[in-house]
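Report on the structure given below.
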Amino acid sequence: MEKRKYYQPEIETMPVEQIKKMQSEKLVKQVKHVYEHVPYYRDLMDKKGVKPEDIHGIEDLYKLPFIEKSDLRETYPYGMLAVPLEDCVRIQSTSGTTGKRVIAYYTQNDVDLWEECCARALIAVGADKEDVVQVSYGYGLFTGGPGLNGGSHKVGCLTLPMSSGNTDRQIQFMTDLKATVLCCTPSYAAYLGESLHDMGYTPDTISLKAGIFGAEPWTQENRRELEKSLGIKAYDIYGLTEISGPGVSFECTAQGGMHVNEDHFIAEIINPETGEPLPEGEKGELVFTCLDKEAFPLLRYRTRDICVLTREACPCGRTFVRMSKPMGRSDDMMIIRGVNVFPSQIEAVLINEGCSLNYQIKISRVNNSDTFDIYVELPPEQFDDSVKNLTAKEKSLQAALRSMLGIGPDVHLVPPKTIARSEGKAVRIIDERKLHD
Ligand code: ADP
Ligand code: ZN
């Protein structure tokens, strides 16, 4: 059987003018739907003095207010719902752990559209019905596993719903069942590569051809290493729970940026300081508007991800705009081993545990895996404590941080005044990962 080049050719290669027309029509309807069904959103629009009648097409998008993560926290758990709860069939949640989780709702149609996006991503890297797709993203509230799982079903691949972890079993199934496509975070892919190597496998003794890696930042250097260690082509995929999950955009075999599924989402780039929309090709914060989502249809959602959009023709024939790899966040969030970590969460724990706020976070990457260390200065009165006491304190701090953040840093208590003071803003984070090319 000849492989398909696209999952939905008529949409994925639609002339740009036609895509824009389609977006305009959907936007008018979506704004009306949101205004009528989400009081919180109606208030925001009223405050900005904009009515659904003012939106005639994508040229009026700039008139709409932004939505941010804080709005989603404020309206938790039901405040952003645009359909009756009984029409929803699923929730997913972000990996953020700042108390109130951000929850997204899906109708059956929302799930179908999301899975379709993931199906497009799989076909775009050369997968089709005869492929064996190993999904090693986490399953559950996290969108990675369910998204790619659904996409793989839609394409008709044999799907291995592995979830993450249990590396020996991953490798057993990968080799016994001859998996051809691996979907997981780039960090986990690197770890699987090392484990395969340690067990005596070489790229020629496994069947993998392609990997779809996302949910966290990774570099071109990571790509080269993964391609070498697994004997594959490694592709990027981007998404966020608030907008649906993985597959909001996906890389094709040209490996030159991720195509945004523009029939479902409008991508904008804005100046993160002023909120002004920026012209194509300029670097700024990525903002998404959902055109087809029913249950949780966010308009102008600020992702905080910094990137560039391009409409230069792509050799794959897809006409969807492409986004570069996110080059960092416009806020101070760190992504460590795929988990979002905010300095404010760490500070909350330090305060709670009676520690000083003279601390420093050091993140690095060793063997393609993130290291995460926190240095905390002891208050002078605790400096003379016995080693036993200090070790116990480090352990309890680590446990408290793990329960707040979802991942446990290595905690080091250091003598008073050893962490460099800054004359300007404090330097809390030393990120040695050099994630941005
Ligand atoms: P949370 O915002 O809590 O992490 P998600 O788990 O939905 O919720 O993660 C979405 C975020 O993950 C994105 O906003 C982005 O910062 C990051 N992300 C997702 N895919 C990629 C990717 N391919 N490259 C870089 N960052 C990514
Ligand atoms: Zn392409």
Side-chain angles (χ1 to χ4, degrees), residues 5-6 12-13 68-70 72-73 92-104 114 120-121 123-126 137-138 140-148 183-187 189 211-220 222-223 234-261 285-288 296 298 301-307 310-342 345 405-407 433 435-437:
K5 223 176 143 196
Y6 312 102
E12 293 174 62
T13 61
E68 303 192 38
K69 215 163 198 157
S70 56
L72 305 184
R73 295 218 164 94
Q92 302 284 164
S93 157
T94 60
S95 18
T97 39
T98 40
K100 284 183 187 174
R101 271 179 174 274
V102 170
I103 286 182
W114 170 30
R120 291 177 188 174
I123 295 269
V125 306
Y137 285 108
L141 287 170
F142 178 55
T143 52
L148 269 308
C183 305
C184 61
T185 61
S187 309
I212 300 187
F213 305 134
E216 62 177 346
W218 53 303
T219 60
Q220 300 298 350
N222 294 143
R223 187 195 314 259
Y235 300 101
D236 206 349
I237 187 165
Y238 169 92
L240 60 169
T241 316
E242 298 92 314
I243 300 303
S244 64
V248 169
S249 65
F250 60 95
E251 214 170 39
C252 63
T253 48
Q255 294 183 318
M258 295 176 273
H259 290 284
V260 176
N261 280 303
E285 183 180 340
L286 184 61
V287 172
F288 283 112
F296 200 70
L298 301 186
Y301 182 68
R302 293 184 62 156
T303 63
R304 307 275 164 186
D305 293 319
I306 302 293
C307 72
T310 175
R311 273 201 193 277
E312 267 170 42
C314 185
C316 76
R318 284 177 185 78
T319 44
F320 290 158
V321 73
R322 275 171 293 154
M323 60 177 269
S324 66
K325 275 179 179 295
M327 303 166 195
R329 321 265 307 194
S330 61
D331 55 13
D332 57 3
M333 192 187 82
M334 300 165 275
I335 302 185
I336 307 172
R337 294 179 213 139
V339 176
N340 292 356
V341 175
F342 290 87
Q345 294 172 293
L405 307 173
I407 56 169
R433 293 176 294 180
L435 290 173
H436 317 307
D437 297 320

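Atoms within a ligand are numbered from 1 in the order they appear, just like the ligands themselves.
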Next on the checklist: Within this structure, what is the OG-CG distance for the pair S244 and N261, rounded to the nearest 0.5 Å?
Outcome noted: 8.5 Å
Next on the checklist: I need the Q345 CD to M334 CE distance, nearest 0.5 Å.
Outcome noted: 8.0 Å
Checklist entry - Which of these, T241, I212, L141, has its nearest heavy atom closest to atom 5 (P) of ligand 1? => result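 Of the listed residues, T241 has the closest heavy atom.
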Checklist entry - Which residue from S249, G239, C307, G406 reaches closest to atom 10 (C) of ligand 1 through any of its heavy atoms? => result G239
Item to check | Student check: side-chain heavy atoms of M258 and P326 closer than 4.5 Å | outcome: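 Yes - at least one pair of side-chain heavy atoms lies under 4.5 Å apart.
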Checklist entry - If we only count heavy atoms from C-beta on, is the E12 to K5 side-chain gap below 4.5 Å? => result no
As an exercise, identify every atom of ligand 1 less than 4.0 angstrom from a heavy atom of [X].
X: N340; answer: 1 (P), 2 (O), 3 (O), 4 (O)
X: G214; answer: 23 (N)
X: I237; answer: 20 (N), 22 (C), 23 (N)
X: D305; answer: 13 (C), 14 (O), 15 (C), 16 (O)
X: T94; answer: 1 (P), 3 (O), 8 (O)

Next on the checklist: When you measure from the heavy atoms of K69 to every atom of ligand 1, does any distance fall below 4.0 Å?
Outcome noted: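 A heavy atom of K69 does come that close to ligand 1.
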Ligand 1-proximal atoms of [X], by part, heavy-atom distance under 4.0 Å:
X: P326; answer: side chain
X: D236; answer: side chain
X: T143; answer: neither

Checklist entry - Only one of T303, T94, T143 forms a side-chain contact (heavy atoms from CB on, under 4.5 Å) with L240, so which one is it? => result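 For L240, the side-chain contact (heavy atoms from CB on, under 4.5 Å) check succeeds only for T303.
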Exercise: identify the closest heavy-atom pair between [X] and [Y]:
X: D236; Y: W218; answer: OD1-NE1, 3.0 Å
X: I335; Y: N340; answer: CG1-OD1, 3.6 Å
X: A234; Y: Q255; answer: O-NE2, 3.0 Å

Item to check | Any donor-acceptor N or O pair under 3.5 Å, side chains E242, Y301 | outcome: yes
Item to check | Rounded to 10 degrees, the angle SG of C252 makes with SG of C316 at the Zn ion (ligand 2) | outcome: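 It comes to 110°.
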Checklist entry - At the Zn ion (ligand 2), what's the angle from C314 SG to H259 NE2, rounded to 10 degrees? => result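 Reported to 10°, the angle equals 110°.
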Next on the checklist: Would I335 count as a polar contact of ligand 1, with the cut-off being nitrogen or oxygen pairs under 3.5 Å?
Outcome noted: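 In fact, backbone or side chain, I335 has no N or O that close.
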